[in-house]
Number of protein chains: 2
Amino acid sequence: MKKGHQVTMKEIAKKLGVSVSTISRALKDSPELHPETKRKIVEMAKEMNYQPNLLAQSLRISRTKTLGVIVPEITSHFFASCISGIQDFANTRGYNIMICQSNESIDLEMANIKTLVSSQVDALLISLSRETNHYEHLLDLYNREIPFLLFDRVNEDIPVSKVTFNDVGGAYEVTKHLLENGCKKVMYVSGPEDLYISKKRKEGYMQALEDFGVEFDPKMVKISNLTTEGNIKIGQEIAEMKERPDGVFCMIDPVALDILAYWKEKGIRVPQDMALAGFTNNPSSAVVEPSLTTVAQPGYEMGKLAVTHLLDQLDGIASDDPISIVLDTTLLPRKSTEK
Amino acid sequence: MKKGHQVTMKEIAKKLGVSVSTISRALKDSPELHPETKRKIVEMAKEMNYQPNLLAQSLRISRTKTLGVIVPEITSHFFASCISGIQDFANTRGYNIMICQSNESIDLEMANIKTLVSSQVDALLISLSRETNHYEHLLDLYNREIPFLLFDRVNEDIPVSKVTFNDVGGAYEVTKHLLENGCKKVMYVSGPEDLYISKKRKEGYMQALEDFGVEFDPKMVKISNLTTEGNIKIGQEIAEMKERPDGVFCMIDPVALDILAYWKEKGIRVPQDMALAGFTNNPSSAVVEPSLTTVAQPGYEMGKLAVTHLLDQLDGIASDDPISIVLDTTLLPRKSTEK
DNA sequence: CTGTTAGCGCATTCAT
DNA sequence: ATGAATGCGCTAACAG
């Protein structure tokens, strides 16, 4: 199948017996043009169903008005919300977005960057993959002076603006909540240790323990690989412990949901036997039984702030100096921690 | 902030004292080139971190290798899965995608089409908004010979390829399932009547009733506006009926989930008082209590098939004649219908 | 084997 | 107030 022909300025010009530059001027409402000529041209353009070729325009002015977005996975409700926010606010500023997912692979992440750069996007919004443990590709972007920003999954050493949640605070709140609800031994189920959020949320967990005078017990930290199998394995390990925790805080909701499903199957009651809490506020967490206590992260808002700041930088409204935007999270106490 | 300069062929040419066309040839591995020259150029390109400008390339060959995708909303797990499938298989064929969401608004849908067309996408994959009740914008695409295809939310009168689920069959299966599990009075909760899936799923519902010798009762069909409020209102109406149904089939899972939540609050037991089933297989449906019987629609697969067929048409592998691809759904019997 | 030329669609500078 | 000429970065036809 071949694409049908698109009307160009040249054709309008020929039809009207004027030059292409006149068409160009008329269509961008240049003041130095005879009103009548302008009227005729605009009318004819409409009649011929003229649509400007953004490619040519972009090549000419070397700006595409397009932003590249890279997320680990688009099917995650959280990232979908971010994208939604980015899209909406990019659009209101006259920008389009091209979205890529890295599928949590650093190789794909690098390939995505390459593609988006080749596509001449004006800037990038990136949320790093789980696998990303070296950063040459980002430093390369930086060195080539291609504007970009990191959101949610960030690395602190890259000298660009970052938008994150107050992970420490959120984890603190949820740990505190467990402690206040009578838990004596609170466990933290982490993801891989080099993940930014693994570290940050552990920080909050530790801080809360300390503030409540609970001594840290290394046995009360487990690390999941974040697959369903891995999560269930952790659930099993906990179930089989001689000295079980009485409250478990999981780094992200899916971990808690998998563990909950496993425990329910095994007859372990939540919250009676063990309280359980997550982080992120996945849609499922509200409807599961018992409903899962978690920490809400407003993804749409994050996307909105991220893209707005980036465009502010592009447009010279905000300074080029990297800033860190930290969004607050909200503890959502639900049944899974009601002792 | 201004974007840093990108290396062009011209610069490589100057540095090496050869012409731009030689660079071009070397970089696309033309056979009619001195190996040594080629080697030097490739090396220099690498050293200078040359990235081809896809814009220029596309303008030149009038093909962008980019596909436009329009979905009602990206935060829906189903559409996100479709996008994921589209993205993956577009990439393997060397295509990128630009995604837009219509937010269920026909105006935004039209605006999105305009933007994507201006961006010179080679083809479009569109899933219609709920609001879309006239089709000039699609016929316009058709008349302008811009290849596109409709998926999931389609209109049958547009002469292009369509990828849909066997909605009739899926609805038949779920209704049959309710009937076989002892329901005597099965209700269908529909969405707005002009929606394609509202109609198709009703067809399956009616067919099953007929096959099981159950007379159709108009009181056993209700129409929700698909907002949470609307869904709850339906749940309330059902609860207050003198003669309640004993089984309720909802057009989409969110309706069933909202109704379930309302009923639980009111002490109405599922499935004992009324059985309940949905359609789509949202992630929440598996974890809600009781788990919700539903019909699985493989979104990723739909995206994959849709994009593959479209690219086959573009590449001349498949005929340009519109075809209809119908995907099978799978009934997922769960606790909400276990009588 | 390589350089020159032309042109994709558009915006802009320089003429007139 | 309008046209002609130039160039954005790249490819391809043509010429040698």
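Chain A is the first sequence line, chain B the second, and so forth, proteins listed ahead of strands; every chain is numbered from 1. Just so you know, these numbers use all the heavy atoms, side chains as well, and skip hydrogens, waters and symmetry mates.
Every residue two or more places apart in sequence or in another chain that forms a side chain to side chain contact (heavy atoms under 4.5 Å, CB included) with B:Pro322 is listed here: B:Ser161. Contacts of B:Ser21 classified as side-chain hydrogen bond (donor to acceptor under 3.5 Å, both in side chains), with partners at least two apart in sequence or in another chain: B:Ser19. Under the rule for a side-chain hydrogen bond (donor to acceptor under 3.5 Å, both in side chains), the partners of B:Glu36 that lie at least two apart in sequence or sit in another chain are B:Arg39.
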Can I get a per-line list of side-chain donor-acceptor pairs under 3.5 Å for residues 150-157 of chain A, giving both atom names and the distance, sequence neighbours left out?
unit_1, atom_1, unit_2, atom_2, d
A:Arg153, NH1, A:Glu104, OE1, 3.2
A:Arg153, NH1, A:Leu128, O, 2.9
A:Arg153, NH2, A:Glu104, OE2, 2.9
A:Asn155, OD1, A:Asp157, N, 2.7
A:Asn155, ND2, A:Tyr135, OH, 3.2

Would you be so kind as to tabulate the donor-acceptor pairs closer than 3.5 Å made by side chains of residues 61-71 of chain A, with sequence neighbours excluded?
unit_1, atom_1, unit_2, atom_2, d
A:Thr64, OG1, A:Thr66, N, 3.3
A:Thr64, OG1, A:Gln120, O, 2.8
A:Thr64, OG1, A:Asp122, OD1, 3.3
A:Thr66, OG1, A:Thr64, O, 3.2

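Listed for the A:Asn112 side chain is a donor-acceptor partner under 3.5 Å among the backbone atoms of A:Leu108. In this structure, A:Ser105 contributes its side chain and A:Asp107 its backbone to a donor-acceptor pair below 3.5 Å. Under a 3.5 Å cut-off, the side chain of A:Ser84 and the backbone N or O of A:Ala80 do not form any donor-acceptor pair. Using a distance-only test at 3.5 Å, with no hydrogens or angles considered, no donor-acceptor pair links the side chain of B:Ser24 to the main chain of B:Val20.
Bounding nucleotides for the chain B contact on DNA chain C, 5' to 3', at a heavy-atom distance below 4.0 Å, are C:dC1 to C:dG9.
Between A:Leu305 and A:His309, every side-chain heavy-atom pair lies at or beyond the 4.5 Å cut-off. You'll find the side chain of B:Tyr95 stays beyond 4.5 Å of the side chain of B:Phe89, heavy atoms only.
Distance check, rounded to the nearest 0.5 Å: CG of A:Asp194 to CD of A:Glu131 gives 10.5 Å.
Atoms NZ (A:Lys14) and P (D:dA4) sit 15 Å apart, rounded to a whole Å. Taking atom CD1 on A:Ile12 and atom C1' on D:dT2, their separation rounds to 17 Å, with Å as the unit. The CD atom of B:Gln6 sits 12 Å away from the C1' atom of D:dG9 (whole-angstrom rounding). We find that CG of B:Leu27 is positioned 15 Å from P of D:dG9, with the value rounded to whole Å. One can place CG of B:Leu33 at 14 Å from P of D:dA12, the figure rounded to the nearest angstrom.
Of the two residues contacting DNA chain C, namely B:Ser19 and A:His5, the nearest-nucleotide position lying further toward the 5' end is that of B:Ser19.
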Distances under 3.5 Å only, N/O to N/O: pair up the protein atoms with those of nucleotides 13-16 of chain D.
none

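Heavy atoms of A:Ser24 sit under 4.0 angstrom from at least one base atom. If you check every strand for non-hydrogen atoms under 4.0 Å, B:Val20 touches a base.
Note on residues 77-92 of chain B: no pairs pass salt bridge (Lys or Arg N to Asp or Glu O under 4.0 Å), not counting sequence neighbours. Counting only residues at least two apart or on different chains, no salt bridge (Lys or Arg N to Asp or Glu O under 4.0 Å) pair has a member in residues 8-24 of chain B.
The stretch residues 52-61 of chain A comes close to DNA chain C through A:Pro52, A:Asn53, A:Ala56, A:Gln57, A:Arg60, each having a heavy atom under 4.0 Å from the strand. Taken residue by residue, residues 117-124 of chain A places no heavy atom nearer than 4.0 Å to DNA chain C.
Taken over five-pair windows at either terminus, the axes of the helix from C:dC1-D:dG16 to C:dT16-D:dA1 are inclined to one another by 50° (rounded to 10 degrees).
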Exercise for the section: For side chain to side chain donor-acceptor pair (under 3.5 Å), just list the numbers for B:Asn49 and A:Asn143, CA-CA rounded to whole Å, side-chain angles, deciding distance to a tenth of an Å, and then say yes or no. Expected result: CA-CA 11 Å; B:Asn49 205 350; A:Asn143 290 330; over 6 Å; no

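A 6.0 Å sphere centred on NZ of A:Lys40 holds no more than 12 heavy atoms belonging to other residues, nucleotides or ligands.
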